[in-house]
There are 2 protein chains.
Amino acid sequence: MTRIPPKTVGRLSLYRRLLDLMRQDGLRFVYSHQLAHDAAATPAQVRRDLMVLGPMGTSNKGYDVEELIAAIDEVLDSPEGQRIALVGVGNLGRAILAFFAGRRPRLAITAGFDNDPTKAARVIMGCRIHNVADLAAVIAQEGITVGIVAVPAASAQAVADKLVAAGVRGIMNFAPSPLKVPPTVHVEDMDITMTLEKVAYYAKHNKEKAVK
Amino acid sequence: MTRIPPKTVGRLSLYRRLLDLMRQDGLRFVYSHQLAHDAAATPAQVRRDLMVLGPMGTSNKGYDVEELIAAIDEVLDSPEGQRIALVGVGNLGRAILAFFAGRRPRLAITAGFDNDPTKAARVIMGCRIHNVADLAAVIAQEGITVGIVAVPAASAQAVADKLVAAGVRGIMNFAPSPLKVPPTVHVEDMDITMTLEKVAYYAKHNKEKAVK
DNA sequence: GCCTGTGAAGCTATTCACAGCT
DNA sequence: AGCTGTGAATAGCTTCACAGGC
């Protein structure tokens with residue numbers, strides 16, 4: 001497996017979703033410029049991204065939708081699937097659960113954690129909620145490899161440390177404070193405050209130019 | 001105003017938050033390596049970012065915390081402040097409202113919109129909820145310049161079009177579909193599904209390396 | 001003619017390394 | 001000695017432009 005650039009990984013995930021919609025519409029073949037249009041990218045960008053899958057397209061006919069999806073699955077999914085733990089079942093945590101309820105079976109949130117005991121042992125959106133005290137045990141038992149941090153900034157680092165100690169290899173972080181983790185663990189930050197201030201800045205200063 | 005790179009704008013927002021915590025702890029001066037530590041960046045990165053503020057540091061003493069914050073305010077904030085509209089008051093929308101309730105007064109969500117009439121006219125987290133039909137009127141009246149799209153993918157583009165028509169100059173988009181907007185409008189995507197699949201990919205494939 | 005795949009060029013972002021200040 | 005500010009080097013990403021295929 002050759003090294004895939006992070007931005008490309010993200011866009012492959014996007015392409016797959018768009019392709020899935022196309023397939024539902026009965027579309028068999030697609031051109032790079034069609035995908036580019038839907039993805040708000042350029043055709044060159046799309047072709048460059050798809051290069052990591054090996055040659056997939058046919059001159060003048062474009063890409064076979066079915067085959068493309070399969071090829072992206074091959075790259076992004078792991079055959080046994082991966083399970084995800086969500087820590088922090090507040091407003092945001094519940095929104096995330098609702099978002100993912102019954103999406104990709106290969107990538108499911110199978111355990112939630114909260115330190116509020118009234119939430120523990122409940123089942124929200126088909127996901128069982130546990131007490132954070134049981135975090136390590138549940139993660140080991142379910143073979144969870146990915147964690148979502150949706151707790152206040154003050155406790156985010158402590159939660160991340162627990163997740164890492166429990167063997168998690170990737171973390172999506174919603175807390176507005178960068179996490180310190182060993183280099184073997186991959187972190188993606190979703191800092192809502194930061195992003196909103198960025199939007200506000202460009203809303204104020206933009207004369208031309210846009211979209212990321 | 002010289003052009004500031006997007007990544008730098010984001011990090012300035014982060015630095016400001018970290019500096020604010022330091023100030024609360026009574027810290028007067030800070031070195032680039034201390035800020036870098038808290039921001040999970042390198043000292044060189046921090047100094048490079050702070051260059052857009054002009055020379056601020058003192059050799060051997062570092063940066064005056066108070067002055068730095070003021071300089072960042074100067075760049076990021078607009079004196080009259082900016083108001084934000086949130087469209088879609090579902091799980092995610094409410095989480096965002098809770099997140100921002102009473103944060104920066106210079107950047108506040110002052111109006112929410114939903115097409116569910118039972119939600120309209122209510123006040124959630126201090127934010128008045130309107131019917132989407134009144135979107136243009138309310139945005140004009142309150143002088144709103146930034147929109148947050150927190151609706152399902154199917155209606156995201158329609159909502160974005162309405163926001164743009166109403167005069168909004170920046171959009172934070174949570175829907176998992178890229179928005180088509182004119183180049184005068186700045187969009188930042190917060191695609192939770194995409195990010196999570198990215199994390200899952202690197203959780204599986206990472207032997208070394210990490211953090212963004 | 002119109003498409004894909006891709007080297008090469010162009011751009012943006014990060015890191016290095018060091019001169020200058022205190 | 002230890003810091004900032006910054007040219008210069010490097011790395012990463014996107015766009016151009018065209019050879020080759022149907």
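Reckoned from all heavy atoms, side chains included, excluding hydrogens, waters and symmetry mates. Keep in mind that what you see is a predicted model, and the values were worked out from it rather than measured.
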Side-chain atoms of Tyr63(A) come closest, of dG5(D), dG2(D), dG5(C), to dG5(C)

Quick note, Thr42(B) side chain, CB onward, closest among dT6(D), dT15(D), dT15(C) is dT15(C)

Hey, does the side chain of Arg11(B) come within less than 4.0 Å of dT14(C)'s phosphate (OP1/OP2), counting only N and O? yes

For Phe29(B) and Gln34(B), the nearest pair of non-hydrogen atoms, with its separation, is O-OE1, 4.2 Å

Given 3.5 Å as the limit, does a donor-acceptor pair link the side chain of Glu188(A) with the main chain of Thr195(B), or not? no

Separation of dC13(D) atom C1' from Ile4(A) atom CD1, nearest Å, is 15 Å

Notebook entry, point to check: Which part of the nucleic acid, if any, lies within contact of Thr8(B), taking any heavy atom under 4.0 Å across all strands shown: a base, the sugar-phosphate backbone alone, or nothing?
Noted result: nothing

Rounded to whole Å, CE of Met51(B) lies from P of dT12(C) at a distance of 17 Å

Contacts satisfying side chain to side chain donor-acceptor pair (under 3.5 Å) that involve residues 146-158 of chain B (not counting sequence neighbours) are Gln157(B)-Asp161(B)

When Pro5(B) and Thr58(A) are each assigned the nearest nucleotide of DNA chain C, the 5'-most assignment goes to Thr58(A)

When rounded to whole Å, the CZ to P distance for the pair Arg3(B) and dT12(C) reads 11 Å

* Do any side-chain nitrogens or oxygens of Gln45(A) fall under 4.0 Å of OP1 or OP2 in dC13(D)? -> no

In whole angstroms, the gap separating C1' of dG2(D) from NE2 of His33(B) amounts to 9 Å

By nearest-heavy-atom nucleotide on DNA chain C, the more 5' of Asn60(A) and Val30(A) is Asn60(A)

Closer than 4.0 Å, any side-chain N/O of Tyr31(A) to the OP1 or OP2 of dG1(C)? no

When rounded to whole Å, the CG to P distance for the pair Leu35(A) and dC3(C) reads 14 Å

When rounded to the nearest 0.5 Å, the distance separating CD1 of Ile4(B) from CG of Asp49(B) is 10.0 Å

When rounded to whole Å, the NZ to P distance for the pair Lys7(A) and dA11(D) reads 18 Å

Winner on side-chain proximity to Arg48(A), out of dG5(C), dG7(C), dC16(D), is dG7(C)

note: Asp64(A), atom CG; dT4(C), atom P; distance rounded to Å ~ 13 Å

Of the candidates dG5(C), dT4(C), dA17(C), the side chain of Arg47(B) sits closest to dA17(C)

Between CG of Asp49(A) and C1' of dT4(C) the distance, given in whole Å, is 14 Å

(request) Indicate whether the side chain of Thr110(A) and that of Glu142(A) have a donor and an acceptor atom separated by less than 3.5 Å. (result) yes

